[in-house]
Number of protein chains: 2
Amino acid sequence: MNRTTQTKRTTIYDLAELAGTSASAVSAVLNGNWKKRRISAKLADKITKLAEEQGYALNMQASVLRRERSKIIGMIVPKYDNRYFGSIVEQFETLARERGLFPIITCTRRDPALEVEAARAMLSYQVDCLIATGATDPDRIVDLCAAAGVRTINLDLPGARAPSVISDNYGGALELTRRVLANCEKEYGEKTPLLFVGGRGTDHNTMERVRGFRDAHAEAGVTVDETLMLTCGYAPEKAESAMRQLAERLSPLPRGMFVNSTISLEGVMRWIRRSGHYAGRVPQLGCFDWDPFVAMLGDHIEMVRQDVPKMLEAVFGIIDSGATDLTVVQIPPIVEKIG
Amino acid sequence: MNRTTQTKRTTIYDLAELAGTSASAVSAVLNGNWKKRRISAKLADKITKLAEEQGYALNMQASVLRRERSKIIGMIVPKYDNRYFGSIVEQFETLARERGLFPIITCTRRDPALEVEAARAMLSYQVDCLIATGATDPDRIVDLCAAAGVRTINLDLPGARAPSVISDNYGGALELTRRVLANCEKEYGEKTPLLFVGGRGTDHNTMERVRGFRDAHAEAGVTVDETLMLTCGYAPEKAESAMRQLAERLSPLPRGMFVNSTISLEGVMRWIRRSGHYAGRVPQLGCFDWDPFVAMLGDHIEMVRQDVPKMLEAVFGIIDSGATDLTVVQIPPIVEKIG
DNA sequence: AATTCTTGCTTCATCGATTGAGCAAGCATG
DNA sequence: CATGCTTGCTCAATCGATGAAGCAAGAATT
């Protein structure tokens with residue numbers, strides 16, 4: 001019957017032949033609207049059994065081609081190398097599947113050209129909706145999609161031309177900076193400005209975090225040191241070399257720092273361990289992003305954990321409601337007690 | 001011309017009309033084999049320009065339906081919550097794209113039912129090939145795919161019915177165990193059996209790692225303590241509770257341990273910090289898997305880093321060569337010096 | 001001048017699923 | 001018995017891209 005070496009896949013026409021009925025009946029039965037199409041329960045049963053026996057699998061390409069909506073939902077994401085994006089993707093898949101949508105995800109390695117290429121590819125696959133996560137140029141992507149009549153939602157980084165769901169970066173940074181400043185004062189009895197390292201000075205999140213950072217300093221009556229604002233990019237290597245250069249021109253180094261992402265923290269920590277600076281007197285750290293092992297590095301680190309479940313609920317809330325107004329939904333992150 | 005509010009997407013028929021030519025010519029030009037089909041360079045140019053102007057995007061659904069290969073390559077992966085699987089996915093996407101393949105990835109959260117469902121979905125999307133990464137039941141997936149004439153390759157965990165690419169788990173575990181035993185002896189002057197924690201006792205990798213663990217003990221003249229073999233699953237919670245239970249029945253606790261994945265290590269470390277056991281005298285650790293922050297936790301941790309680039313090169317080597325022999329390619333992992 | 005060859009296209013069937021329209025048989029109603 | 005309604009299907013067009021086959025016009029060969 002169902003040979004394992006079959007070359008051609010079973011189609012509704014094959015099943016129709018076997019069942020002695022029409023392809024149209026088979027289609028109706030297998031996609032569930034056989035009642036609407038007045039197919040008898042008896043025939044429906046027969047066809048269902050046959051399909052199972054023959055190992056029939058729907059050809060989505062044919063199905064999507066014919067239908068109005070593809071039920072495919074796309075997401076582009078910068079990297080898979082940290083817990084934040086990892087959980088975004090995992091949660092996205094789960095919520096998409098719950099809604100009967102097929103999620104396709106692609107990673108663009110923070111490369112603007114790849115972002116556009118990836119968006120184009122998704123459009124070719126007829127996605128109904130595209131989530132642009134942490135995109136360097138979200139508006140470009142929105143325009144591409146709009147031309148094809150495809151909805152877009154920005155996640156993590158906001159855009160001007162589509163609804164966006166982001167963290168409350170200002171609030172998170174404000175609280176994080178407060179804590180690090182307090183820790184510094186407690187530990188060293190000093191009220192000195194913190195170092196800010198990591199992120200791109202041009203991206204919305206970094207700018208908001210810088211604003212929170214500044215306001216927390218102002219609150220505490222500490223003047224921000226402009227030479228300590230190192231928005232050198234996210235990559236570990238960039239953070240590491242920024243630290244190296246800082247150490248060449250400055251001594252002593254700041255007592256505390258605000259590190260903008262776990263990815264940048266990776267570089268900062270590497271530099272701290274390799275350079276031998278800070279030996280014996282660890283700096284007070286604040287990290288905007290959470291990682292379980294960072295949490296174990298010591299009690300001198302505070303972390304902000306972005307609320308991924310809430311963020312994705314907000315995303316799907318927008319999708320489900322069909323809203324298209326250009327709101328920016330801000331989800332408060334969780335400032336984690338260490339340990 | 002190209003309205004931003006267009007409802008219908010531009011098709012080759014629209015372009016054909018605009019260019020005053022046939023859809024077939026447009027198709028030939030846009031998919032690059034216009035020379036073969038003897039279309040003049042002049043017409044090709046005109047069509048190309050028009051396509052750009054109109055923001056034409058190929059309908060992959062239609063294209064794939066017609067062609068006999070889809071150029072879609074699927075991967076299923078258990079989780080996105082660690083660097084190992086993260087880099088597998090990232091590398092997979094890169095290598096797939098280099099070959100003009102469209103990668104689709106789906107995460108099955110170590111759930112056998114989801115694995116099967118995901119494989120079915122991929123088949124519906126006409127993947128040419130499916131990579132089953134860390135699948136709990138790879139042979140089930142291979143069978144499903146074989147029935148549809150789709151090739152499968154197992155990654156990370158081997159299967160009996162398709163070529164597999166895995167790490168040299170035995171070798172890695174042997175070397176890792178050696179090092180931890182040596183560290184224990186150096187630190188504590190003691191030659192005592194290590195704890196083994198994490199992983200499923202039934203999966204091939206865990207069994208091989210246990211074998212390496214045992215052989216390293218034998219080599220060192222240390223008898224393995226069977227009550228210290230805790231293959232409790234990978235999840236952090238499981239590792240944590242396994243530790244808790246162990247501490248209830250055993251004192252003193254082992255001086256050193258072999259932790260089977262960073263994910264399990266997360267639970268182990270959490271337990272160590274919360275329980276207050278080991279306070280002041282940290283255990284010597286070996287972790288089968290790598291994480292940058294684990295590397296910074298201290299010099300009492302040794303890690304095995306699986307060689308993801310080599311593993312994926314091997315996977316695509318098999319794909320490119322079209323080999324179908326049931327070989328198991330073992331890639332030696334890298335045992336990292338700490339720091 | 002008749003023929004073959006080449007160039008540069010067009011025509012049309014096809015991939016598999018979907019769905020509006022239609023049709024035949026059976027039953028009920030007037 | 002004629003008419004209309006219901007049930008349970010089938011027919012055929014369609015989605016957009018592809019490529020084998022074919023055709024017309026001009027160039028080259030005999």
Side-chain angles (χ1 to χ4, degrees), chain A residues 6-47 51 54-72 102 123-126 128 148-149, chain B residues 6-47 51 54-72 102 123-126 128 148-149:
Chain A
Q6 69 190 132
T7 312
K8 295 306 270 174
R9 295 146 102 114
T10 311
T11 70
I12 52 170
Y13 297 95
D14 302 329
L15 294 179
E17 184 135 273
L18 286 167
T21 181
S22 72
S24 137
V26 174
S27 169
V29 168
L30 296 179
N31 68 25
N33 57 9
W34 52 280
K35 289 208 167 159
K36 235 173 295 169
R37 294 191 53 105
R38 297 188 308 220
I39 306 292
S40 66
K42 195 177 143 227
L43 181 57
D45 241 50
K46 184 175 175 187
I47 289 174
Q54 299 294 316
Y56 170 80
L58 177 65
N59 182 325
M60 273 296 173
Q61 250 70 34
S63 178
V64 166
L65 177 60
R66 189 67 228 292
R67 280 175 349 214
E68 181 58 24
R69 292 188 51 221
S70 70
K71 300 190 173 186
I72 301 177
F102 186 78
L123 289 178
S124 275
Y125 283 94
Q126 312 297 110
D128 284 336
Chain B
Q6 68 191 132
T7 312
K8 294 306 267 176
R9 294 145 102 113
T10 311
T11 71
I12 52 169
Y13 298 94
D14 303 329
L15 294 180
E17 184 135 274
L18 287 168
T21 179
S22 72
S24 152
V26 174
S27 169
V29 168
L30 297 179
N31 67 26
N33 56 10
W34 53 280
K35 289 209 169 158
K36 237 175 292 169
R37 312 260 324 258
R38 296 187 309 218
I39 306 291
S40 66
K42 194 176 144 226
L43 182 57
D45 240 51
K46 185 175 175 187
I47 290 174
Q54 298 295 315
Y56 170 80
L58 176 65
N59 183 326
M60 274 296 173
Q61 250 59 263
S63 178
V64 167
L65 177 60
R66 189 69 228 295
R67 287 178 337 214
E68 115 289 6
R69 290 190 52 221
S70 69
K71 299 191 172 188
I72 301 177
F102 186 77
L123 289 178
S124 274
Y125 282 94
Q126 311 298 111
D128 284 336

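Naming convention: chains lettered A, B, ... in sequence-line order (proteins, then strands); numbering from 1 in each chain.
- To the nearest angstrom, P of D:dT10 lies 13 Å from OH of A:Y13.
- As judged by a 4.0 angstrom heavy-atom cut-off over every strand, A:S24 is placed among the base-contacting residues.
- Atoms CZ (A:R9) and C1' (C:dA17) sit 15 Å apart, rounded to a whole Å.
- To the nearest angstrom, P of C:dG8 lies 12 Å from NZ of B:K35.
- At the heavy-atom level, B:L58 lies under 4.0 Å from the strands shown only through sugar-phosphate atoms.
- Following rounding to the nearest Å, A:R38 (CZ) and D:dT6 (P) show an atom-to-atom distance of 9 Å.
- In this structure the side chain of A:R9 reaches within 4.5 angstrom of the side chain of B:L123, judged on heavy atoms.
- A ring-centre distance under 6.0 Å is found for A:Y125 and B:F102.
- Of all nucleotides listed (C:dC9, C:dC12, C:dG16), C:dG16 comes nearest to the side chain of B:L65.
- The phosphate of D:dG19 has OP1 or OP2 within less than 4.0 Å of a side-chain N or O from B:N33.
- At a threshold of 4.0 angstrom between heavy atoms, the contacts of A:S63 are confined to the sugar-phosphate backbone, with no base atom among them.
- Atom CD in A:Q61 sits roughly 16 Å away from atom C1' in C:dT14 (whole-Å rounding).
- No hydrogens or angles were tested; on distance alone, nothing pairs the side chain of A:R37 with the base of D:dT7 as donor and acceptor under 3.5 Å.
- A donor-acceptor pair under 3.5 Å links the side-chain atoms of B:R67 to the main chain of B:R69, judged by distance alone.
- Taking side-chain N and O atoms only, B:S40 has no distance below 4.0 Å to OP1 or OP2 of C:dT7.
- Taking atom CD on B:E68 and atom P on D:dA17, their separation rounds to 19 Å, with Å as the unit.
- Nearest heavy-atom pair across B:A25 and B:L43 is CB-CD2, 4.4 Å.
- The distance between atom CG of B:L43 and atom P of C:dT7, rounded to the nearest whole Å, is 16 Å.
- Among the nucleotides D:dA17, C:dT19, C:dC9, the one closest to the side chain of A:S27 is C:dT19.
- Residue A:T11 places its side chain closer to C:dA17 than to any other of C:dA17, D:dA17, C:dT10.
- Between the side chain of B:D45 and the backbone N or O of B:K42, no donor-acceptor pair lies under 3.5 Å.
- D:dA20 atom P lies 12 Å from atom CG of B:N31, rounded to whole Å.
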